[in-house]
Amino acid sequence: APGEQAAKVKTGMQDNEVEPMLSGRAYLASNCTVGASSQEDMGALKLLGKTLRYSVDMSGAGCGCLAQLHLAPMRHATKISQCGDFHCDVSGSCGNRCPEVAVQDANQYAWSTSLHVLNDTRGISVGYGGTREGTGRRNWDDSSYGPGAGCIDTHWPFNVAVSFLVDGAGELDGMQVFLSQDTHDCVLSARIDMYNFQSRDGLREFSATLDMGVTPVVSYRSSDDLQWLDGVGADGKGPCIRDAPEACPASVRFYGFGISDAAGVQTSVGNTEGSSFKGAIAGIHDFLEERARKKVTEEIHAEVEREEIKHNGMSDCVGDCNMHLGNKRPSGPYIEMKSQNIEWQVTINVFIRSAKSFESDVLGMKLVGQVIMGKREGDWVKLENEAGYVAVHREGVNFLEERVVTYEKIFAGNCHHAGLFPIEDQFTCRKAGFALGYFDGKVNLYSGNQKRPEGCYIFHGGLWVAENPANRGNGAMGVREPICSSRPYPTTTTTTTTTTSTTNTNTVTSTTTTTTTWGSPSLFCFCVMMRSTYEYGLVREQVRQRVGIFSTCDEHAVFSQDAPFSLGKLSHGKGAEVKAQWFQKARVGKSEDGTAGNALLFVHVFKAIKRDGRFRKLDWTIKADPDAVVLPERIRKHLSRVTNPFSYLVNCNKMNYKPPFPMIFGAFEAFSSEALVKFLDQGGVERCMRELPYQKFGEDKFMGNCMKILHAHEFDDFQVLADQRCLGANCRDGVAGAYHDFKGIKEWFQCWGQATST
């Protein structure tokens, strides 16, 4: 807008990449003149009868975020705008008004493609999303477009094609948009083939506009007033109840631009129109790189000269190696990530065998909690980094659990900042490196005292592991870039014991493998939240102050149908970042008890918990509402009395055993690991959905009845939860492990203070 400072827009030569930062805007130009704006420099793509193609990555850009690609006849603007350039649009945001093709107004939840002749700010649009008035765009729905959707899963990049179709006379006959994704076979499409505004033929007007040439404009912004794009609409079927611009990520990415004939297939950007994109981006790079190339190159050369690489398995540096280049590189950073990698975690101590037989020789043992690499061969896993085989299961007993992980190389911060985990052993490091394309057969170990990234990292194309514990928490350091995993690994420690006899001194080195020390019983605590409600601010403050489930639960997680998004860092920004995990949303009706009929929604939550996997290795899984004040140490005292490992908690007896009491009150629930394994891993959830009218149930009633069907042991404890809807909530009682409900931040922390001071 006029008078506002715009944010930066990054560009990359590879794939014609354009990455606008939040509040950033850029347009295609034939020439880039720093500090000046020339009308003749504006790009003028003639798209009549053509198809514009590109790819976009909007991961994390949820409700309240807006990624745009518009086309406007800027070369033909009659005057310089109030923004100091020749920008024009239908709304006159910079003072100049013109017709406009909004190829993309979108975020992860909504998409709009629209046409606007001069003075028609509403225009005609297709796609999916709400509006302030009326129903909104319903060409698609949230099952086909959105996070986790079956056709366009906006957690990941996808492809866009917009065709400007012509009739036999060469006039615009319609505009059609296609969305596709490499990982799905389906294509979403929608078409505008009629457009009338105040007795004007909109398509005919756009024939002239497209014929004289239009300038692509890429921008990215946030707002709490985007209900015209992503609101629920009059029918309630739109995606977003409320916009949350404070959660928008720093940037979005457009790339892979190209132009082809409207009836043709993708062509190289070497054609006349496509080369305009490449030429414009090259012009920007010429200016920026000419200014920075010399300094960056000199710093990198200095770094290399200071490094004496010793591939002796001990050190990658001599002398003073503390020089860091930050994020400077000759070419811009890009994501290196590989998903769907298989690892195996030991669930019960198991022998390593010389062959795929329980009668074969024992070569060693793998301990519970260890993560091993190998390839499955029938009921056995052949180890990758050592000789031998490990059984997956025997007679119904599982020794190994398959886990699917993502490896990612990061360019700034440490693994925890990225919501990931460091890799600290050389075998996993090599597997991750190979997955990312670093085919270094040897992983070098650095045990020196110079600062290095924690665990596994890449240095000049080679794989390294920093062994010194002093590097814990260290992140990327210039050309040393960590490789991280989406799943944690057990810790190992090496100790040296020295014994002295009367004749000599013998030094004996032994390696002891230890797993993380959990509380007793151990707790995996989670909550489910909606980002568009009060819960977002409440959970963020709990994270910031590291209280509730984020205090002393052994593991914690947050699940949201709006995820992924960040909830900030623990301990006033000094701890690890907490990121919400996504689950598939479901429509919530009214239960037979008059409460929310949310059983199916929480079935989807528990399926996300199954993907997370941590519930299997801890004694109890705790579900707590965001407005429940949770004290994990008290919960441990209550659950320590449970003697049956196949148990679930019943926490309310409001009517003194008069049916339906006692029952589960859903603000706080507890299930043993064995109970959830039966529910999630052994067909329990499918059985319960077959045998119960879950559509009429709230989640707590569904889980209580399901546990009975699965013959889990009911553990009654009517003091563990103090709920205002059951027997009341006195935060000073000194007994309960959870108090409910306290929706305001002030009220929640007042109860927390009273409970913890008792």
Side-chain angles (χ1 to χ4, degrees), residues 340-350 366-374 376 379 381 390-406 420-421 428 485-491 513-528 549 553-559 581-583 602-624 632 635-636 639-640 642 644-649 669-688 703 706-707 710-713 715:
Q340 300 299 312
N341 303 285
I342 303 300
E343 299 178 346
W344 300 89
Q345 187 155 23
V346 181
T347 57
I348 300 175
N349 291 350
V350 60
K366 294 296 181 182
L367 304 179
V368 63
Q370 283 186 289
V371 175
I372 63 176
M373 308 298 150
R376 183 161 187 167
D379 292 334
V381 169
V390 174
V392 177
H393 59 82
R394 184 181 189 183
E395 298 177 356
V397 177
N398 292 325
F399 301 117
L400 301 179
E401 168 197 321
E402 183 185 89
R403 64 183 211 165
V404 181
V405 301
T406 296
L420 303 169
F421 300 89
T428 308
S485 171
S486 61
R487 300 287 297 273
Y489 298 88
T491 58
T513 302
T514 60
T515 55
T516 305
T517 301
W518 306 115
S520 181
S522 56
L523 306 177
F524 171 47
C525 305
F526 75 92
C527 72
V528 178
I549 68 171
C553 288
D554 300 286
E555 296 280 354
H556 55 253
V558 178
F559 295 91
Q581 298 185 48
W582 175 83
F583 70 89
F602 272 88
V603 165
H604 293 170
V605 172
F606 277 106
K607 288 183 178 180
I609 290 171
K610 179 179 179 179
R611 292 196 301 269
D612 178 280
R614 284 178 286 175
F615 76 92
R616 299 183 185 93
K617 64 180 181 180
L618 287 96
D619 298 321
W620 288 87
T621 292
I622 305 298
K623 176 229 169 196
I635 293 170
R636 287 191 174 93
L639 295 180
S640 64
V642 181
N644 189 326
F646 184 37
S647 298
Y648 70 103
L649 175 71
E669 303 175 17
F671 304 93
S672 72
S673 176
E674 289 191 18
L676 275 193
V677 166
K678 183 78 171 179
F679 178 67
L680 292 175
D681 293 346
Q682 299 176 5
V685 62
E686 291 80 10
R687 178 183 174 184
C688 291
M703 290 301 295
C706 183
M707 288 294 112
L710 301 180
H711 304 293
H713 169 70
F715 174 67

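This is a predicted model, so every value here is computed, not measured.
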Taking the six-membered ring for Trp, are Phe671 and Tyr648 parallel (under 30°), tilted (30 to 60°) or perpendicular (over 60°)? parallel
Which pair of non-hydrogen atoms, one from Leu710 and one from Gly684, has the smallest distance, and what is that distance? CD2-CA, 3.8 Å
Begin from the C-alpha positions of Ser673 and Leu618 and carry the test side-chain contact (heavy atoms from CB on, under 4.5 Å) through to its verdict. CA-CA 7 Å; Ser673 176; Leu618 287 96; over 6 Å; no
Output the distance between atom CG (Leu523) and atom OG1 (Thr621), rounded to the nearest 0.5 Å. 9.0 Å
Distance check, rounded to the nearest 0.5 Å: Asn341 atom CG versus Met373 atom CE? 9.5 Å
Do Cys527 and Ile549 come close enough that some side-chain heavy atom pair is under 4.5 Å? yes
Tell me, with the steps shown, if Gln581 and Asp612 meet side-chain contact (heavy atoms from CB on, under 4.5 Å). CA-CA 9 Å; Gln581 298 185 48; Asp612 178 280; 2.9 Å; yes
Determine, stepwise, if the pair Val605 / Phe526 fulfils side-chain contact (heavy atoms from CB on, under 4.5 Å). CA-CA 10 Å; Val605 172; Phe526 75 92; 4.0 Å; yes
Roughly how far, to the nearest 0.5 Å, is the NZ atom of Lys623 from the CE atom of Met703? 9.5 Å
Where is the tightest heavy-atom contact between Phe583 and Ala608, given as atom of each residue plus distance? CB-CB, 3.9 Å
Non-hydrogen side-chain atoms of Phe524 and Ile609 separated by less than 4.5 Å: yes
What pairs with Ser672 under side chain to side chain contact (heavy atoms under 4.5 Å, CB included), at least two apart in sequence or on another chain? Trp620, Glu674, Ala675
What is the minimum heavy-atom distance between Val350 and Val346, and which atoms define it? CG1-CG1, 4.0 Å
Show your reasoning for whether side-chain contact (heavy atoms from CB on, under 4.5 Å) applies to Lys607 and Val603. CA-CA 6 Å; Lys607 288 183 178 180; Val603 165; 4.0 Å; yes
Heavy-atom closest pair, residues Leu420 and Ser486: CD2-CA, 3.9 Å
How many angstroms lie between atom CD1 of Ile622 and atom NE2 of His556, to the nearest 0.5 angstrom? 15.0 Å
CD of Glu343 to CD1 of Ile372: how many Å apart, nearest 0.5 Å? 10.5 Å
I'd like to know if the side chain of Arg376 reaches the main chain of Glu402, judged simply by a donor and an acceptor atom lying under 3.5 Å from each other, with no hydrogens or angles considered. no
Shortest non-hydrogen contact from Pro488 to Lys617? CG-NZ, 4.1 Å
Where is the tightest heavy-atom contact between Ala557 and Arg614, given as atom of each residue plus distance? CB-NH2, 3.5 Å
Do NZ/NE/NH1/NH2 and the carboxylate oxygens of Glu401 and Arg616 come within less than 4.0 Å? yes
Taking Leu400's backbone N and O only, do any of them form a donor-acceptor pair with Asn398's side chain (distance below 3.5 Å, no angle check)? no
Would you say Arg636's side chain and Pro521's backbone share a donor-acceptor pair under 3.5 angstrom? yes
Any side-chain heavy atom of Asp681 sitting closer than 4.5 Å to one from Lys610? yes
Kindly compute the distance separating CH2 (Trp582) from CZ (Arg611), expressed to the nearest 0.5 Å. 6.0 Å
Is it true that the side chains of Asp554 and Ser522 contain a donor and an acceptor less than 3.5 Å apart? no
